[in-house]
Amino acid sequence: MADDTQKKPTPIKTSIRRRVQTLYFIMLGVGLLILLKILYIQYGPDGEEYRKKGRVANFGYFREEAMRGDIYSKDMQLIATSQKRYFVGLDFGVDSIARSKAGTRELLNNIPVLSRQLGELFGMPASYFENKIRGAFNRYQTSTKERPQPRYVRLTPRSVSKDELIKMRTFAQLNLPANRGGRSEEATVVRVRPFGNLAAHSIGLTSTKIDTVQLPSTIADTVVRTQLVHSLRPLTGLEHAFHSQLEGVSGVQFRQKINSKFWEPIDSPHNIPPQDGC
């Protein structure tokens, strides 16, 4: 009985210290288990298989299109040339928009300003772009596994030049990093005749065709990727008659995946630079 009366209660600081120490050792144990699991995955019996899967998913070859050669008149006037042009759009499926209320709110707040800027650039009513963007976004929000809706909307009613692309990158929402604002850029090549329709059939008409190509892999464990390639198809005139000389030879570029939309070109002894047409 005397022993019970002499027992003092545990101070609250000691109790808190013991709880913190217990939590610390639990977290330390969990961390060590995670570290051991990582080491096991990397260097265990299945480590090489996982490294192979990583190389397949994150490295690959991409076709590099050659620029079609120019056509000059007898007095060296340029009468047909190729220019790289771009289409710009918004991808609502990026995590910063699709899974973030703050990202969604930022997009909706930027739509009026972006629509006005697009209208000024293309000489069209801002309401056209605002209705187009909001309509596409509202349809995407109703997307389900049974009825998926497009996550992408193209903003450019025509292809734009490099200078116009640089200007568009300063517009609202488009001035954000691509993985945050959803900006998507698609490059294409168009044929330009400085003299317009003058002797157009004699010089030659072209159209853009989309080919599906598969690049063979010469490096072990890199996937053979199917790609959509935009190329010019000659229809008439000099473009058609001298197509083999003007076409050039496409190349191959080895790239590493950075995110779902961007592949970074990297040096490789297997890269083949494209040879532009004559």
Side-chain angles (χ1 to χ4, degrees), residues 60 62-65 82-145 147-192 207-213 225-232 255 257-265:
F62 286 79
R63 178 166 159 173
E64 292 287 307
E65 287 298 296
S82 294
Q83 289 184 359
K84 184 169 281 191
R85 308 278 289 189
Y86 303 88
F87 293 100
V88 181
L90 280 176
D91 180 8
F92 304 126
V94 295
D95 289 345
S96 57
I97 296 177
R99 300 183 181 181
S100 170
K101 292 183 179 180
T104 299
R105 187 164 54 250
E106 183 179 36
L107 169 66
L108 295 176
N109 290 337
N110 283 333
I111 286 178
V113 180
L114 174 61
S115 301
R116 176 177 54 79
Q117 292 170 324
L118 291 172
E120 293 173 354
L121 178 63
F122 295 106
M124 299 172 65
S127 58
Y128 166 81
F129 293 101
E130 183 163 359
N131 293 336
K132 183 176 183 179
I133 298 171
R134 290 190 185 276
F137 182 66
N138 290 337
R139 286 190 295 273
Y140 171 71
Q141 286 190 310
T142 64
S143 181
T144 61
K145 290 184 179 180
R147 293 185 177 182
Q149 296 294 328
R151 54 184 280 179
Y152 172 83
V153 59
R154 178 176 286 181
L155 302 178
T156 48
R158 57 169 174 79
S159 60
V160 297
S161 65
K162 183 67 174 181
D163 290 339
E164 290 175 318
L165 174 65
I166 293 174
K167 184 176 182 180
M168 290 186 67
R169 289 174 179 169
T170 66
F171 289 179
Q173 192 67 24
L174 302 181
N175 59 357
L176 301 173
N179 59 352
R180 177 184 165 192
R183 185 185 72 245
S184 176
E185 299 173 3
E186 177 187 355
T188 187
V189 177
V190 298
R191 202 65 170 163
V192 177
S207 65
T208 301
K209 64 176 180 177
I210 302 178
D211 294 326
T212 302
V213 298
R225 299 187 179 279
T226 301
Q227 301 163 37
L228 295 179
V229 177
H230 296 249
S231 57
L232 291 172
R255 300 184 183 183
K257 187 176 183 179
I258 304 301
N259 55 45
S260 60
K261 284 188 166 292
F262 185 71
W263 291 74
E264 176 73 22

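Each residue takes its place number in the sequence, starting with 1. A quick note: this is a predicted structure, and the numbers were derived from the prediction, not measured.
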Checking the side chain of [X] only, and the main-chain atoms of [Y] only, is there a donor and an acceptor separated by less than 3.5 Å?
X	Y	result
Thr156	Val88	yes
Lys132	Arg154	yes
Arg85	Val190	no
Glu185	Tyr86	no

Under the side chain to side chain donor-acceptor pair (under 3.5 Å) test, residues paired with Arg105 that sit two or more places apart:
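With neighbours one apart ignored, the set is empty.
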Could you check whether any side-chain heavy atom of [X] comes within less than 4.5 Å of a side-chain heavy atom of [Y], counting everything from C-beta outward?
X	Y	result
Phe171	Leu121	yes
Glu65	Val189	no
Leu114	Phe129	no
Leu107	Leu90	yes
Ser159	Glu164	no
Leu108	Phe137	yes
Gln173	Ile111	no
Pro150	Arg139	no

To the nearest 0.5 Å, tell me how far [X] [atom1] sits from [Y] [atom2].
X	Y	atom1	atom2	result
Gln117	Met168	CD	CE	9.5 Å
Glu106	Ile97	CD	CD1	8.0 Å
Asn175	Arg169	CG	CZ	12.0 Å

For the pair Phe92 and Tyr140, name the ring-plane relationship: parallel under 30°, tilted 30 to 60°, perpendicular over 60°.
tilted
Residue pair [X] / [Y]: nearest heavy atoms and the distance that separates them:
X	Y	answer
Arg255	Pro265	CG-CA, 3.8 Å
Ser143	Pro148	OG-CA, 3.3 Å
Gly93	Arg151	C-NH2, 3.3 Å
Phe122	Leu155	CE1-O, 4.5 Å
Ile133	Ser115	CD1-OG, 4.2 Å
Gly181	Ser96	N-OG, 4.3 Å

Using a 6.0 Å cut-off, check whether atom CZ of Arg158 has over 12 heavy atoms from anything other than its own residue.
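It does: Arg158 CZ has more than 12 such atoms within range.
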Should Lys167 and Glu120 count as an ion pair when the cut-off is N to O under 4.0 Å?
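No salt bridge links Lys167 with Glu120.
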Start with the C-alpha gap between Leu174 and Asn110, add the side-chain angles, then the distance that decides, and say whether side-chain contact (heavy atoms from CB on, under 4.5 Å) holds.
CA-CA 9 Å; Leu174 302 181; Asn110 283 333; over 6 Å; no
